[in-house]
There are 2 protein chains.
Amino acid sequence: MDIKQSNTDTEIKQRVFFALSDPGRYKIISMLYHVGHEMGCNELNQHVEIDKSTMSYHLRTLREIGITNTRTQGRQKYVSLNIEKIENLLPGLLKLL
Amino acid sequence: MDIKQSNTDTEIKQRVFFALSDPGRYKIISMLYHVGHEMGCNELNQHVEIDKSTMSYHLRTLREIGITNTRTQGRQKYVSLNIEKIENLLPGLLKLL
DNA sequence: ATAATTGTTTGATAATAATAAAACTATAAA
DNA sequence: TTTATAGTTTTATTATTATCAAACAATTAT
């Protein structure tokens with residue numbers, strides 16, 4: 001039945017669920033998933049109405065969990081979902097958002 | 001594409017993710033799902049090692065989110081997962097645990 | 001060089017959440 | 001009736017999170 005998993009795996013799952021438990025982060029993740037490509041932080045900010053420092057805080061959380069990638073170009077930062085990692089860990093989760 | 005959903009639906013999803021973000025609750029939910037039948041609180045307590053009042057606290061949270069059912073028989077209480085509700089809201093989620 | 005833009009970090013605060021001991025309720029057993 | 005069991009609630013405490021203003025850093029535009 002393979003119920004027992006490595007703690008680490010379960011812990012990462014829990015962090016992903018944690019990420020999705022906050023309205024702001026849920027919107028960020030959902031939007032990144034549905035648009036299907038990276039977005040500038042500022043662009044994200046226009047869609048998800050939260051203070052820019054709060055946005056930055058949440059984006060850091062997502063980065064630290066490991067479910068987003070960030071690319072810097074000039075003074076802009078582009079965020080994208082690490083879909084492969086999420087799908088590998090929790091296949092089918094993203095399409096539920 | 002049906003991206004937009006009722007707030008309520010998304011809010012409930014977020015609460016389910018919240019439920020799964022805590023190690024204790026994750027274990028409770030995962031165990032209830034994998035054993036496939038209701039369990040007495042005490043029985044649950046033997047598997048998930050947390051103080052009985054903490055257990056009660058978490059079980060209340062799950063009940064309030066609406067993802068568990070509780071049946072009282074004598075002085076025992078039996079908890080089961082509201083699988084239908086979870087599957088209806090987030091199909092396929094449970095098998096990822 | 002100065003100013004504007006894009007984001008991060010710090011610091012303070014408020015809000016939520018987790019934990020556990022102790023008191024409590026209800027049922028069942030002795 | 002007393003005692004034990006099963007679980008909840010209350011109270012207190014601590015830990016974690018979320019929020020935002022202000023200061024900061026880096027880049028680009030004027």
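Remember, predicted model here, so these are calculated numbers, not experimental data.
Side-chain nitrogen and oxygen atoms of B:Arg60 include none within less than 4.0 Å of the OP1 or OP2 phosphate oxygen of C:dA18.
Pairing each heavy atom of B:Leu81 with each of B:Tyr33, the nearest pair is CD1-CB, 3.8 Å. Taking all atoms of both residues into account, the shortest heavy-atom contact from A:Glu49 to A:Gln46 is CG-O, 4.5 Å. Counting all heavy atoms, side chain and backbone alike, A:Ile29 lies closest to A:Ala19 at CD1-CB, 4.0 Å. In terms of heavy-atom proximity, A:Leu89 sits nearest to A:Lys13 at O-CE, 3.6 Å.
A:Glu38 places its CD atom 16 Å from the C1' atom of C:dG7, with the value rounded to the nearest Å. One atom, CZ of A:Phe18, and another, P of C:dA18, lie 10 Å apart when rounded to the nearest Å. For B:Tyr57 and C:dA18, the OH to P distance is 4 Å, given to the nearest whole Å. Look at CZ on B:Phe17: it is 20 Å from C1' on C:dT16, rounded to the nearest Å. In this structure, A:His58 atom NE2 and C:dT9 atom P are separated by 15 Å, rounded to whole Å. In this structure, CD of A:Glu43 is placed 13 Å from C1' of C:dT6, rounded to the nearest angstrom. Rounded to whole angstrom, the span from the NZ atom of A:Lys77 across to the C1' atom of C:dT9 amounts to 11 Å. Going from atom CG of B:Asn45 over to atom P of C:dT19 covers 13 Å, rounded to whole Å.
Cation-pi geometry between A:Arg25 and A:Tyr57 is not met: the NZ or CZ atom fails to fall both under 6.0 Å from the ring centre and inside 45° of the normal.
Just one residue in the list B:Leu97, B:Leu94, B:Ile67 forms a side-chain contact (heavy atoms from CB on, under 4.5 Å) with B:Leu20, and that residue is B:Leu97.
Other residues, nucleotides and ligands contribute only 12 or fewer heavy atoms inside 6.0 Å of the CZ atom of B:Arg60.
Between chain A and DNA chain D, the heavy-atom contact criterion of under 4.0 Å yields a 5' to 3' nucleotide range of D:dT17 to D:dT28.
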When you compare the protein's N or O atoms with those of nucleotides 25-30 of chain C, which come within less than 3.5 Å of each other, and at what distance?
residue : atom : partner : partner atom : Å
C:dT27  : O2   : B:Arg75 : NH1          : 3.2

Does the side chain to side chain contact (heavy atoms under 4.5 Å, CB included) test come out yes or no for A:Met39 and A:His47, once each step is laid out? CA-CA 11 Å; A:Met39 292 178 79; A:His47 295 273; 3.8 Å; yes

Candidate pair A:Thr70 and A:Arg63, rule side chain to side chain contact (heavy atoms under 4.5 Å, CB included), full reasoning: CA-CA 8 Å; A:Thr70 303; A:Arg63 208 184 315 126; 3.6 Å; yes

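Counting only N and O atoms by type, the side chains of A:His58 and A:Thr54 include no donor and acceptor under 3.5 Å apart.
Between B:Gly40 and A:Asp22, the residue anchored closer to the 5' end of DNA chain D is B:Gly40, taking for each the nucleotide with the nearest heavy atom.
In the region residues 47-56 of chain B, proximity to DNA chain C at under 4.0 angstrom, judged on heavy atoms, holds for B:Asp51, B:Ser53, B:Thr54.
Looking only at side-chain heavy atoms (C-beta outward), B:Val79 and B:Glu38 stay at 4.5 Å or farther from each other.
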